[in-house]
Amino acid sequence: MSTTALVLAAGNGTRMKSQKPKVMHELLGVPMLHLVIKSAKEAGADRIIVVTGHQNELVDECACQIEGVETVYQDDRIGTANAVELAKPLIGDDDEGTLVVLAGDVPLLRPETIRSLIDDCVTHGAAMSVLTAIYENPFGYGRIVRDETDHLEAIVEDKDATPDQLEIKETNAGAYAFAIDGLFDALSRIENNNVKHEYYLTDIVKIFKETGKRVRALPVADNDETMGINDRSQLAKVTKILHKRITHEWMDKGVTIISPDTTWIGPDVSIAQDVEIWPNSYLRGQTSVGKGSTIGPDTRLVDSTVGEQSVVDSSIVLESEIGDFVNIGPRTYIRPGCVFETGSKAGTSCELKKAHVGPGSKVPHLAYVGDTTIGKKSNLGAGVITCNYDGFVKSKTVIGDGVFVGSDVMLVAPVTIGDGANIAAGSVISTDIPADAMAIERADLRVEEGMAKFIREMKEQA
Ligand code: UD1
Ligand code: CA
C-alpha cells in the first residue's frame, strides 16, 4: 500500500512582500519547502508531488533539488480543493493508496506527526483524517466543528463561520490523510459558493459525511508544529522554534552548547558527542563536527566538515575539510576548497582559499594562502603571501615537506619550493627553489651614519 504526499505551494505569498516565492524563504539555511518535503519523506511517503503556481519555474527548481520530487502546475489559484484535484493524472487509480496533503508554508510538522495522521486514517478505514491544533486566538484558521459525540462534523473557514463557530478554538492545521479511493470523486463535487469563491478542500468533510464515509480529526500533540508562515514576523517566530528544537536535540545527544539562544544550527548539520559550541556560532548546510572538537565563539561553519579534537575559534569556514587535531583561528577566513590534514593550523588572522595544508603544517599568523598545496610539517611565518593572481590568471604554489618560509615572504605563483628549503624573511620568490636550498632575496642594505640626525636638524632650522 503506497503513500503519496502532495505539498500545496501555489499560493502568492503576498504578505511576505518579497520577490522570492514564499516557500523558498529559508529557515536556518534551508528553504521551508525542503523542510516540508523532507518531513514527508521521513514519514514514509513513497512519492512527493508539489503543486506550484505563483513563480512556478523557481518553485519547481527548488522542489526538484530533492531527488524524485514531481511537480504539477496550478494555473488559477481557485482553491485548495482544485490544487489537489490537479494531481489526479499523476496519482491515477491508486485505489489502495493514501494521499497526504500538506501545506508548503507549514514547515515544522514532524515526520512522526505526519506518520500518525496516515496511520489514523488507514487503521480506522477512514476516508480522511485531518490534523487539528488548539489556538487561544484561532483567527484566520478554519474551525473544527464536532458533533455531540465529539466526531468531526465540518470544517468551517474563518470568513464563513457563524459567531458561535468563531468561538471554537480547535482549528484545521492544514494537514490531511485521505484514502485515494473515492477522493477525486468527492473533490469533483465541491462548489465555490463561499465568501472567497474558492474551492475549499475543507468542504470535502461534508461530502464524505453525506455519502456515509468516516472522517476523523486528530489533535496534534505539539501545537508549535502546525504554525504556518505568512509574513516575515511568522518566519522569524517559526525559525526560532526550529532553532530551539535543534539546539535541544543536540544537547540531548551529548553536545555542550554554552549559549543555546545564540547558537544557530541548520537541520542538516551533524555533531558528535562532547563537541563544545561557544556563543554566537552558526553551523549551516551539510556541516559535520567530530568528537571532542570546540567551535566558537563567533564562528560560522558552512558546508564543511571538522574532524575530532579540533578547534575553530572566531573564524569562518566555507566548503572545506578540517581534519583531526586541527587549530583554526582566531579570526581566520577559510574560503571554499581548503583541506587541513591532522594537526595542521591556520590563524591568527589568516585567509586561505583552495589550500591543502599537510599534516602538522602551520600557517600561524596574518597570511594569505591561495591555490596552494603545503606538504607535511612546513611552517609559514607571519605575513607570508602567495601571489596567486597576476591580474589575468590564477597560478599555483607548491610547498614541499619540512619547508620553512620566513616572515613577510611573497611567493609569486606559479612557484614550487622543494622539501626542506628555507626562505629568508622578506624575500620575493618568483622562481622554483630546489630541495634543501636556502633562498634570500633582498636589496643590499645601505646604512648612512648620522643622516637621520642631519635631516632632523635641517627641519628644525627651516
Ligand atoms: C487553509 C485551510 C484552513 C486551515 C489553514 C491552516 C482551506 C480552504 N483552508 O486556510 O482551514 O486552518 O489552511 O493553515 O484549505 N494553495 C494552492 N492553491 C490554491 C490555494 C492555496 O496551492 O488554489 C496552497 C497555498 O499556497 C498554501 C495552502 O494551499 O500553501 C493553503 O492555502 P491558503 O490560501 O494559505 O489557505 P488558508 O487561508 O491558510
Ligand atoms: Ca496559509
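Indexing begins at 1, ligand by ligand and atom by atom, following the structure's order.
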So if I count the atoms of ligand 1 from 1 in the order they appear, which ones are less than 4.0 Å from some heavy atom of Glu157? 2 (C), 3 (C), 7 (C), 8 (C), 9 (N), 10 (O), 11 (O)

Under 3.5 Å, side chain of Arg115 to main-chain N/O of Gly44, donor-acceptor pair present? no

Examine ligand 1 and decide if any of its atoms is less than 4.0 Å from a heavy atom belonging to Thr171. no

Ile295: which of Val317, Val255, Leu301, Ile257 passes side chain to side chain contact (heavy atoms under 4.5 Å, CB included): Leu301

Of all the atoms in ligand 1, which lie at a distance below 4.0 Å from a heavy atom belonging to Gly142? 3 (C), 4 (C), 11 (O), 12 (O)

Is Lys353 salt-bridged to Asp371, cutoff N-O under 4.0 Å? yes

Gln74 to ligand 1: N or O pair under 3.5 Å? yes

Only heavy atoms of Thr80, strictly under 4.0 Å: list the atoms of ligand 1 that pass. 7 (C), 8 (C), 15 (O), 20 (C), 21 (C), 29 (O), 31 (C), 32 (O)

Does one side chain, of Gln74 or Asn82, offer a donor that lies under 3.5 Å from an acceptor on the other? yes

On the ring face of Tyr389, is Lys394 found with NZ or CZ under 6.0 Å from the centre and within 45° of the axis? yes

With atoms numbered from 1 as shown, which atoms in ligand 1 lie under 4.0 angstrom from a non-hydrogen atom of Arg77? 18 (N), 19 (C), 23 (O)

Say whether, by atom type as modelled, one donor and one acceptor occur between the side chain of His151 and the main chain of Asp147 under 3.5 angstrom. no

Over 12 foreign heavy atoms within 6.0 Å of NZ, Lys20: yes

Heavy-atom contacts with Ala10 under 4.0 Å: which atoms of ligand 1 show up? List them by number with element. 17 (C), 18 (N), 22 (O), 26 (O)

Winner among Gly228, Pro21, Gly79, Ala175 once heavy atoms are compared against atom 20 (C) of ligand 1: Gly79

Please work out which of Asp105, Asn12, Ile229 has its closest non-hydrogen atom nearest to atom 35 (O) of ligand 1. Asp105

Which segment of Thr202 sits under 4.0 Å of ligand 1 when only heavy atoms are counted: side chain

Can you tell me if Glu26 and His34 form a side-chain donor-acceptor pair at under 3.5 Å? no

Hey, can you tell me if Trp264 and His243 have their rings parallel, tilted or perpendicular (30° and 60° cut-offs)? parallel

Distance filter under 4.0 Å to Leu8 heavy atoms, resulting ligand 1 atoms: 22 (O), 24 (C), 29 (O), 30 (O)

Sub-3.5 Å N/O-N/O distance, Asn172 and ligand 1: yes

Just heavy atoms, cut-off under 4.0 Å: does Ile78 contact ligand 1 by side chain, backbone, both, or neither? backbone

Sub-4.0 Å atoms of ligand 1 with respect to non-hydrogen atoms of Gly11: 25 (C), 26 (O)

